Amino acid sequence: CLNCINCRDGKLNECLDFSYRGVNYDGLLRDFVTLPVENVFALPDSVSDDEGVFIATIASALTILDKINFDKGSFIGIGSAGVLGNIIAQLCLYYQAIPVVFDSLQARLDLSKERGIYYNFLSDETAKKKVLQVTGGKMLDNFIYLREQALSLSDSFSYLKQSGELFVASIATVNSA
């Protein structure tokens, strides 16, 4: 928006009146569109169009991880194996944290595993026991609660160690109503 206090302070990624094309106003699925030049970025030749569509989600995932204080080797629970959850998990690996991904859909967990995420658990009654096993009884250091996840907020808390922190995160999506 460039008008709210966060935008004026240079924190554009924390805009209080964020507008997202295709979500809260007309999108880009058209032959021609006009945009302010500051909103247009050329992709390098090394980035395909198919890869480029994930740039905004990767930026959101990085913003989420920037808010979390974690060390190498920290166990970070991620409440969804959807696109955002998978990207967060891959970034956790990059930063040498240990992602533990939960989802209610085995197919999404399988995709997560294909992308190199080792700990992928169905969000069912056996998940807590599995978390105890992989963490040596310590439980998770952090948990990222995503809007798209199947776990309840109270279940998410139950996977955390005593001093663990829960983070609630989301990106804009189309309202299904």
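All figures in this text were calculated on a predicted structure; none of them were measured in a lab.
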Practice item. Give the intermediate values and the outcome of side-chain hydrogen bond (donor to acceptor under 3.5 Å, both in side chains) for residues S48 and D50. Key: CA-CA 5 Å; S48 71; D50 289 341; 5.1 Å; no

Exercise for review: Return each pair, listed once, that meets salt bridge (Lys or Arg N to Asp or Glu O under 4.0 Å) where at least one residue sits in residues 85-114; pairs must be two or more places apart or across chains.
Suggested key: D103-R108

Exercise for review: Dump the intermediate steps for side-chain contact (heavy atoms from CB on, under 4.5 Å) on F121 and L109, then the final yes or no.
Suggested key: CA-CA 7 Å; F121 302 138; L109 292 170; 5.7 Å; no

Point to revise | Heavy-atom closest pair, residues S112 and A81 | key: CB-CB, 4.3 Å

**Study point:** Heavy-atom pair of closest approach, residues L2 and R8
**Key:** O-CG, 4.1 Å

**Study point:** Heavy-atom pair with the smallest gap, counting every atom of A169 and I64
**Key:** CB-CD1, 3.5 Å

Check your understanding: Between atom CD1 of I117 and atom CD of Q90, what is the distance when rounded to the nearest 0.5 Å?
Key -> 5.5 Å

Practice item. Could you state whether L43 and F54 fall into the same hydrophobic cluster, counting links through intermediate Ile, Leu, Val, Met, Phe, Trp or Tyr residues with side-chain heavy atoms under 4.5 angstrom apart? Key: no

Review point. More than 12 non-hydrogen atoms from neighbouring residues, nucleotides or ligands closer than 6.0 Å to CG on D9, yes or no?
Key: yes

Review point. If Ile, Leu, Val, Met, Phe, Trp and Tyr residues are connected whenever their side-chain heavy atoms lie under 4.5 Å apart, and connections chain through other members, are L111 and Y119 in the same group?
Key: no

Point to revise | Heavy-atom side-chain proximity of V131 to M139 below 4.5 angstrom | key: yes

Check your understanding: What distance separates L65 CG from Y94 OH, expressed to the nearest 0.5 Å?
Key -> 12.5 Å

Check your understanding: So D17 and N3, side-chain contact (heavy atoms from CB on, under 4.5 Å) or not? Walk me through it.
Key -> CA-CA 9 Å; D17 191 26; N3 293 314; over 6 Å; no

Check your understanding: How far does CD1 of I88 sit from CD1 of I78, to the nearest 0.5 angstrom?
Key -> 6.0 Å

Study note, to complete from the structure: CG of L93 to CD1 of I98, rounded to nearest 0.5 Å, is 9.0 Å

Point to revise | Evaluation steps, side-chain contact (heavy atoms from CB on, under 4.5 Å), between D141 and K161 | key: CA-CA 6 Å; D141 298 293; K161 67 181 186 181; 2.6 Å; yes

Practice item. In sequence, state the C-alpha distance, the side-chain angles, and the governing distance for E14 and K67, and then conclude on salt bridge (Lys or Arg N to Asp or Glu O under 4.0 Å). Key: CA-CA 11 Å; E14 297 180 22; K67 303 292 182 193; 2.4 Å; yes

Practice item. Assess whether atom CG of N69 is packed by more than 12 heavy atoms of other residues, nucleotides or ligands within 6.0 Å. Key: no

Exercise for review: Look up atom CZ in F143 and atom CZ in F75, then write down how far apart they are to the nearest 0.5 Å.
Suggested key: 14.5 Å

Check your understanding: So if you build clusters from Ile, Leu, Val, Met, Phe, Trp, Tyr with side-chain heavy-atom gaps below 4.5 Å, do V47 and V40 land together?
Key -> no

Exercise for review: Rounded to the nearest 0.5 Å, what's the gap from OH on Y145 to CZ on F157? Could you check?
Suggested key: 10.0 Å

Check your understanding: Where is the tightest heavy-atom contact between G82 and S80, given as atom of each residue plus distance?
Key -> N-OG, 2.9 Å

Exercise for review: Find out whether V168 and L166 are in side-chain contact, i.e. whether some heavy atom of one side chain is under 4.5 Å from a heavy atom of the other.
Suggested key: yes

Practice item. For atom CD1 of I5, decide whether the heavy atoms of other residues, nucleotides or ligands shown that lie under 6.0 angstrom number more than 12. Key: no

**Study point:** Residues which pass ring-ring contact (aromatic ring centres under 6.0 Å, His included) with Y159, listed by chain and number, not counting sequence neighbours
**Key:** F102

Review point. So, the side chain of S74 versus the backbone of F70: is there a donor-acceptor pair under 3.5 Å, distance only?
Key: no

Review point. side-chain contact (heavy atoms from CB on, under 4.5 Å) with V101: which of N120, N86, I144?
Key: N120

Point to revise | Closest non-hydrogen atom pair, N142 against L160 | key: C-CD2, 3.5 Å

Check your understanding: Do you know the tightest heavy-atom contact between C92 and I76?
Key -> SG-CD1, 3.9 Å

Review point. V53, L91: one ILVMFWY side-chain cluster at the under-4.5 Å cut-off?
Key: yes

